[in-house]
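What follows is a single structure, written as structure tokens, with notes after it.
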Amino acid sequence: MTIKIYNTLSRKKEDFETLEPKKASMYVCGPTVYDKAHVGHAMSVLVFDIIRRYLEYRGYEVLHAMNYTDVDDKIIQRAIIEEIDPFDLAERYIQEFREHLDDLNILPATVYPRATQEIDHIIEMVQGLIEKGHAYESEGDVYFFVSSDDDYGKLSGRKLEDMQSGFRIDVDDRKETPMDFALWKSSKPGEPSWESPWGQGRPGWHIECSAMSYYHLGEQIDIHGGGNDLVFPHHENEIAQTESLTGKPFARYWVHNGMMQLRGAAMSKSTGNLVTIEEFLAQHDADILRMMVLNSSYRSPLKFSDETVGHAKKALDRLRSALRPATPGAAGEMPETLEAQITATRQGVEESMADDINTAGALGYLFELVRAINYARDDGTAPDALAEAQRLILEYTGIMGLKLDHTGVDGRSGTGEAAPFVDLLIELRAELRNQKLWELTDKVRDSLAELGVVLEDGKEGTTWRWG
RNA sequence: GGCGACGUGGCCAAGUGGUAAGGCAGAGGUCUGCAAAACCUUUAUCAUGGGUUCGAAUCCCAUCGUCGCCUCCA
């Protein structure tokens, strides 16, 4: 089945065809590390993790690069305020981000390039652009000459004339034209800087990604991704730089995720409208955030609120409900409805995922299978006869990166070490039930519930799970 | 002001030409000491107004509204 993916460049879904068969190169713009990352960053990382997992499921070998911008104005500013070395500051947040990636069950990228470790490549690229007449040096800065790029604006759909007419009067004499952007910035005393043919300085924001993509993945790549707030100017400028140098199309598919919204506005570091990943994970299972992303379109805005978080949690519980074992002693055969639903789900999920990674559509089919499984269990279907459908749930949720095991808020996992104690309480409670001491019976259940343990009395006895 | 995206039931959200998936919440029921869970039944004509078409949530135009970008931001 052909994979279709939405390309920001063409504003259409396109058939996914890689430069090399069965190999996909993907460069995703990572964070600028000057502060704690928020769940919006996590969303972006999750989206591309899901895409990557899906491509691997479809047999692609994925070369995946995610960068850290570890030198820029914000980092320098922040370092001055905190009176620490900017490199230490960046390092601290990179380490923190790495831990988040791990907690969020993100597959490790092939490479994690950083601007400060690619200075030679960046300088080489800037020089190449100057030689080709696409950039010029001015008082120690180097600017990209936007007018030299005849298709500048093609990604964001802007025309140079429109932008310049609406542009504020820019009194920067160092630039030829107002839209020109810095490839290399001369440094002030005390700022991090590197030797260059144009004096001491540091790279501009956009060039680092062009350079890192070029040197780690090649002149041309299959997927270039990031949040849709990066379309302009960041990705527009990356295209301008790379294509002006190579004369070839840069990325085949430009993929952008929508913004996470909090209180009606995009989460943003600069406005402080955010929930950090740290705060989120202190209270919730990582699967919940992934579920929120999965249950909507990756390109649309995603609302973050107590309510939407709650929805995701419920949806996860529902998926897990399908994995509960068959009723003890059940020996029934697989009902036809379940068999039919397995086929329908398999087909539906495959079609949905191939259609621009439509995870929400795919989940719809999984939930239908959940219902069929639960129905079959109630109907007395034997464990073996449930197993195939349950395996399918695990297989597909696995492709989406869900774990479905329950890790409690404070790290207790699965049935874990608390199990013998809970079992003991259930045993005692069974005795109370026999004696019809309902008040005490209910008290045990309520008290356990407060500790996060949910008791459920069924025909074959009491079962429990983390709630 | 310019560019782009979007507007589906109480909430979240699929569906891009043939009479609306799924989740949550709600109502009724089965089961249960009660509850929970699970299961069954049930709840929409797709922002508004025009147009194209045998037929539109789905295409076109207009209006209203929301969001993003145009300065650093996933």
Side-chain angles (χ1 to χ4, degrees), chain A residues 8 11 13 28-32 34-35 37-48 66 69 72-75 77 153 155-159 161-163 165-168 179 205 225-234 236 256-261 264-271 274 291-292 295-297 299-303 305 307-308 310-319 321-322 324 327 348 352 355 358-368 370-371 373-379 433 436-439 441-442 445-446 449 454-459 462-463 465 467:
Chain A
T8 306
R11 312 261 169 205
K13 285 183 197 172
V28 181
C29 288
T32 302
Y34 71 93
D35 204 347
H38 57 70
V39 288
H41 297 110
M43 174 188 178
S44 183
V45 164
L46 282 164
V47 163
F48 289 98
M66 196 200 83
T69 299
D72 93 318
D73 293 346
K74 295 250 172 182
I75 295 172
Q77 269 177 27
L155 180 68
S156 56
R158 289 152 211 255
K159 295 192 177 85
E161 310 87 71
D162 294 346
M163 283 189 275
S165 60
F167 211 78
R168 284 168 295 205
M179 292 309 295
W205 178 35
N228 68 13
D229 55 342
L230 297 180
V231 173
F232 189 89
H234 188 50
E236 192 71 72
H256 294 98
N257 62 276
M259 295 292 100
M260 182 88 93
Q261 296 188 341
M267 282 205 191
S268 155
K269 280 198 248 193
S270 45
T271 60
L274 54 81
M291 188 49 136
M292 291 176 70
N295 204 24
S296 68
S297 161
R299 286 190 277 129
S300 300
L302 179 57
K303 287 174 200 155
S305 67
E307 199 180 10
T308 56
H311 282 172
K313 184 179 185 316
K314 291 277 199 169
L316 272 175
D317 285 344
R318 175 125 183 101
L319 280 179
S321 77
R324 294 178 194 170
T327 313
S352 297
D355 182 12
N358 181 355
T359 50
L363 277 174
Y365 289 100
L366 286 180
F367 282 119
E368 286 179 355
V370 167
R371 195 199 306 140
I373 291 169
N374 287 336
Y375 179 88
R377 185 194 300 103
D378 283 3
D379 202 36
R433 291 188 76 201
K436 301 198 191 299
L437 295 169
W438 303 128
E439 254 181 57
T441 301
D442 291 344
R445 187 172 60 198
D446 294 345
V454 179
L455 296 193
E456 290 171 356
D457 298 324
K459 268 187 182 159
T462 302
T463 57
R465 61 187 168 86

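Proteins get letters first, then strands, A, B, ... in listed order; numbering begins at 1 in each.
For the P atoms, the distance from B:U19 to B:C11 is 26 Å, rounded to whole Å. A gap of 16 Å separates the P atoms of B:A13 and B:G68, to the nearest Å. Taking atom C1' on both nucleotides, B:C59 is separated from B:C46 by 16 Å, rounded to a whole Å. Here the separation of B:G7 from B:U16, taken at their C1' atoms, is 15 Å to the nearest Å. Rounded to whole Å, the P atom of B:A37 lies 36 Å from the corresponding atom of B:U48. Rounded to the nearest Å, the gap between the C1' atom of B:C70 and that of B:G55 is 42 Å. With both ends at atom P, the span from B:A56 to B:C64 equals 26 Å, rounded to whole Å. Taking the P atoms as reference points, B:G51 lies 42 Å from B:C24, given to the whole Å.
Looking at every heavy atom in both residues, A:Pro31 comes nearest to A:Met66 through CD-CE, 4.1 Å. Residues A:Val39 and A:Met260 come closest through the heavy atom pair O-CE, 3.3 Å. When every heavy atom of A:Leu155 is checked against every heavy atom of A:His256, the shortest pair comes out as CD2-CE1, 4.5 Å. Minimum interatomic distance between A:Thr69 and A:Asp72 (heavy atoms only, all atoms of both residues): CG2-CB, 4.4 Å.
Distance, A:Tyr365 OH to B:G23 C1': 15 Å, rounded to whole Å. In this entry the distance linking CG of A:Leu363 with P of B:G23 reads 11 Å, nearest Å. Between the CE atom of A:Met291 and the C1' atom of B:G22 there is a distance of 10 Å, given to the nearest Å. Following rounding to the nearest Å, A:Arg158 (CZ) and B:G2 (P) show an atom-to-atom distance of 13 Å. The interatomic distance linking A:Lys436 (NZ) with B:U32 (C1') rounds to 12 Å, in whole Å. When rounded to the nearest whole Å, the span between CG of A:Leu230 and P of B:C69 equals 10 Å. Here B:C67 presents its P atom at 8 Å from CD of A:Gln261, a figure rounded to the nearest Å. The NZ-P distance, from A:Lys74 to B:U71, rounds to 14 Å in whole Å.
Atom CZ of A:Arg377 and atom OG1 of A:Thr327 lie 7.0 Å apart (nearest 0.5 Å).
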Classify every nucleotide of nucleotides 33-46 of chain B by which part a protein heavy atom approaches to under 4.0 Å, writing B for the base, S for the sugar-phosphate alone and - for neither, in 5'-to-3' order. BBBBSBSS------
At under 4.0 Å between heavy atoms, how does the protein contact nucleotides 4-17 of chain B? Give one character per nucleotide, 5' to 3', with B, S or -. S------BSSSS--
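Residue contacts for A:Asp73: at a heavy-atom cut-off of 4.0 Å it reaches no nucleic acid atom on any strand shown. Heavy atoms of A:Gly264 sit under 4.0 angstrom from primed sugar atoms or phosphate atoms, though from no base atom. Base engagement by A:Gly40 is indicated by at least one non-hydrogen atom pair under 4.0 Å involving a base atom. Base contact: A:His38 has a heavy atom under 4.0 Å from a base atom. Contact annotation for A:Gly258: base contact, defined as any heavy-atom pair under 4.0 Å involving a base atom. Base contact: A:Met267 has a heavy atom under 4.0 Å from a base atom. Residue A:Ala265 is in sugar-phosphate contact alone, with no base atom involved, counting any heavy-atom pair closer than 4.0 Å across all strands shown.
The 5' end of RNA chain B is approached more closely, in terms of each residue's nearest nucleotide, by A:Phe367 than by the other of A:Phe367 and A:Ala266.
A:Gln261 places no side-chain N or O within 3.5 Å of a backbone atom of A:Ala266 that could act as its donor or acceptor partner. Side chain of A:Glu456 to main chain of A:Thr463: no donor-acceptor pair is present (N/O by atom type, distance under 3.5 Å, no hydrogens or angles). For the pair A:Lys269 (side chain) and A:Thr32 (backbone), a donor-acceptor distance under 3.5 Å is present.
Between the side chains of A:Ser44 and A:Asn257, at least one donor-acceptor pair of N or O atoms lies under 3.5 Å. For the residue pair A:Ser297 and A:Asn358, no side-chain donor N or O sits within less than 3.5 Å of a side-chain acceptor on the partner.
A cation-pi arrangement, defined by a distance under 6.0 Å to the six-membered ring centre and an angle within 45 degrees of its axis, is present between A:Arg158 and A:Phe232.
Look at A:Asp442 and A:Arg445 and you find a salt bridge, because one of the NZ, NE, NH1 or NH2 atoms lies within 4.0 Å of a carboxylate O, short of that distance.
Between A:Trp438 and A:Arg433 there is a side-chain heavy-atom pair separated by less than 4.5 Å.
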Base-pair string, RNA chain B, Watson-Crick plus G-U, cut-off 3.5 Å on both distances, | for inter-strand, is ((((((((.[[[..)..(...]]].(((((.......)))))....[[[[[..)....]]]]])))))))....
